[in-house]
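Working notes, structure below.
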Number of protein chains: 2
Amino acid sequence: MVISAETGLFDFSVENSIMNAKKSIFKYIRNMLSKKTKYGIKALAFIAKKGNKKPVQTSEISKSENISQKFLESILLELRKSGFLGSKKGKGGGYYLIKEPEDIRMTSVIRVLEGPIAMVPCVSLNYYEKCDDCPSEEACSVHSLMIQVRDSTLKVLGDNTLADISAKK
Amino acid sequence: MVISAETGLFDFSVENSIMNAKKSIFKYIRNMLSKKTKYGIKALAFIAKKGNKKPVQTSEISKSENISQKFLESILLELRKSGFLGSKKGKGGGYYLIKEPEDIRMTSVIRVLEGPIAMVPCVSLNYYEKCDDCPSEEACSVHSLMIQVRDSTLKVLGDNTLADISAKK
DNA sequence: CTATAACCTACTAATCCGATAGGTTAATAG
DNA sequence: CTATTAACCTATCGGATTAGTAGGTTATAG
């Protein structure tokens, strides 16, 4: 907020021009992978790295991975409800893996946290939705392209398990 | 809005529960490819299909592809400024391709309209940005996974040209 | 000179993301 | 039995984008 020296009132025009400048200078970069999903994967990897079956506290993951604890809580809760994690309340409690890391594919993690893997709903396997505009999917120039992208992404995410990504370092 | 028969007042609790139900039933599906990009690709394909060098009007594309004309105008303008299209004003004017469809890769179109192709800025080639949270990209479990996804997507989008996607049908 | 179609500027509603706040419940330690 | 711990739950919020809409101005063809 800029205050005019002359009038003592808020100078909205200046404020506005600064905001517009910001807009144009710092081009927003769209995240296709939300922080939620990113944090979720990191948390799973963290738990997997520990290896043993003792529960890991949210606070520990939060500190180690620089994630807001409250936000992380909601993510881990969702992962538990989706069957990836088990939990234990009270002292010494926390979250632990239910399945082996080798059996957790990145596709399933991302589908739960993020939603569709496809870039467009009309080529999504699990979250299909027809486009409003396209009368025919076969005639759509974007459709087949996006199917190719989906399939190549699906291949990568399906090949990678939690064991693979938590093995790093 | 629901009106209580007893009090004659708005029953916000009911209203609210309906809205919550809606929220949970109709899960929002995130588009990773914006409509802007989708429309832009469709428009390019439309122009490419025409084949000849006569300018194509925004209104024609808009009607044929079911795209809001004003929105499309802004997209085609951007594509012109980015060097994909040429334009001609006045009667008989419109937009035309500057390069051959074979020479227009989908990667470049998407980068201009959408921005980064990578799912996360920290693995983007053209829009790189460091993550706030990660102290080390090598240690990040998400990083290498997203590099794999990026590369496979880049392969598909780099292999497909405007000629390829407009050849359909 | 007039119709056309590109070009430009500003604004808006709806929506989501990422997070915060403030609590309740269940399990363990002492 | 009591205090502590950590998961669990509900509500709310600011900031930012998307997908337009509105209302013009400029240049070109006939």
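Computed from heavy atoms alone, side chains included, the values below leave out hydrogens, waters and symmetry copies. Just so we're on the same page: letters track the sequence lines, and every chain starts at 1.
Distance A:Lys91 NZ to D:dT2 P: 19 Å, rounded to the nearest Å. D:dT18 atom C1' lies 10 Å from atom CG of B:Asn31, rounded to whole Å. In this structure, the CD atom of A:Glu114 is 13 Å from the C1' atom of C:dG18, given to the nearest Å. Remark: C1' of D:dA7 and CG of A:Leu79 are 14 Å apart, rounded to the nearest angstrom. Put simply, CG on A:Asp132 is 14 Å from C1' on D:dG20, counting in whole angstrom units. Rounded to whole angstrom, the span from the CD atom of B:Glu73 across to the C1' atom of D:dT26 amounts to 13 Å. Here the C1' atom of nucleotide C:dT9 and the NZ atom of B:Lys81 are 11 Å apart, to the nearest Å. What separates NZ of A:Lys89 from C1' of C:dA26 is a distance of 4 Å, to the nearest Å.
A salt bridge is absent between B:Lys35 and A:Asp133: the closest approach of a Lys/Arg side-chain nitrogen to an acidic carboxylate oxygen does not fall below 4.0 angstrom. Residues A:Glu78 and A:Lys36 are paired through a salt bridge, judged by an N-O separation under 4.0 Å between the basic side chain and the carboxylate.
Applying the ring pair (Phe, Tyr, Trp, His ring centres under 6.0 Å) test to A:Phe71 and every residue at least two apart in sequence or in another chain returns A:Tyr39.
Out of C:dG18, C:dA27, C:dC7, the shortest distance to the side chain of A:Lys88 is found at C:dA27. Closest to the B:Lys35 side chain, of the nucleotides D:dC9, D:dG20, C:dG18, is D:dG20. Relative to the side chain of B:Lys70, the nucleotides D:dG20, C:dA6, C:dC8 differ in distance, and C:dC8 lies closest. Nearest to the side-chain atoms of A:Phe71 among the listed nucleotides C:dA5, C:dG18, C:dC7 stands C:dG18. With D:dC8, C:dC8, C:dG18 as the candidates, the nucleotide lying closest to the side chain of B:Leu77 is C:dC8.
For the pair A:Ser87 and D:dC8, the criterion of a side-chain N or O lying under 4.0 Å from OP1 or OP2 is met. Applying the 4.0 Å criterion to OP1 and OP2 of C:dT20, one finds that A:Ser68 has a side-chain N or O inside that range. Contact between the side-chain N/O atoms of B:Tyr96 and the OP1/OP2 oxygens of C:dA6 is not found at any separation under 4.0 Å. In this model, the phosphate group of C:dA6 is not approached by any side-chain N or O of B:Arg80 to a distance below 4.0 Å at OP1 or OP2.
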Worked check of salt bridge (charged side-chain N to carboxylate O under 4.0 Å, His left out) between B:Arg105 and B:Asp159: CA-CA 7 Å; B:Arg105 284 203 173 75; B:Asp159 285 350; over 6 Å; no
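Among the heavy atoms of the strands lying under 4.0 Å from B:Thr58 are primed sugar atoms or P, OP1, OP2 only; no base atom is included. Using a 4.0 Å heavy-atom cutoff across all strands shown, A:Ser74 reaches no nucleic acid atom at all.
By the neighbour-count criterion of 12 heavy atoms within 6.0 Å, atom NZ of B:Lys53 is sparsely surrounded, having that number or fewer from other residues, nucleotides or ligands.
When each of A:Gly90 and A:Lys36 is assigned the nucleotide of DNA chain C bearing its nearest heavy atom, the one mapping closer to the 5' terminus is A:Lys36.
Tested against B:Ser152 for a side chain to side chain contact (heavy atoms under 4.5 Å, CB included), the candidates A:Val156, A:Leu154, A:Val149, A:Leu157 yield a single pass: A:Val156.
Between the side chains of B:Glu114 and B:Ser34, a donor-acceptor pair is found at a separation under 3.5 Å.
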Under 3.5 Å, which donor-acceptor pairs link side chains of residues 55-64 of chain B to any protein atom two or more places apart or in another chain?
residue: B:Gln57; atom: NE2; partner: B:Gly93; partner atom: O; Å: 3.2
residue: B:Glu60; atom: OE2; partner: B:Lys50; partner atom: NZ; Å: 2.7
residue: B:Ser62; atom: OG; partner: B:Ile67; partner atom: O; Å: 2.9

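Annotation: proximity of residues 37-47 of chain A to DNA chain C (heavy atom, distance under 4.0 Å) is found for A:Tyr39, numbered in ascending order.
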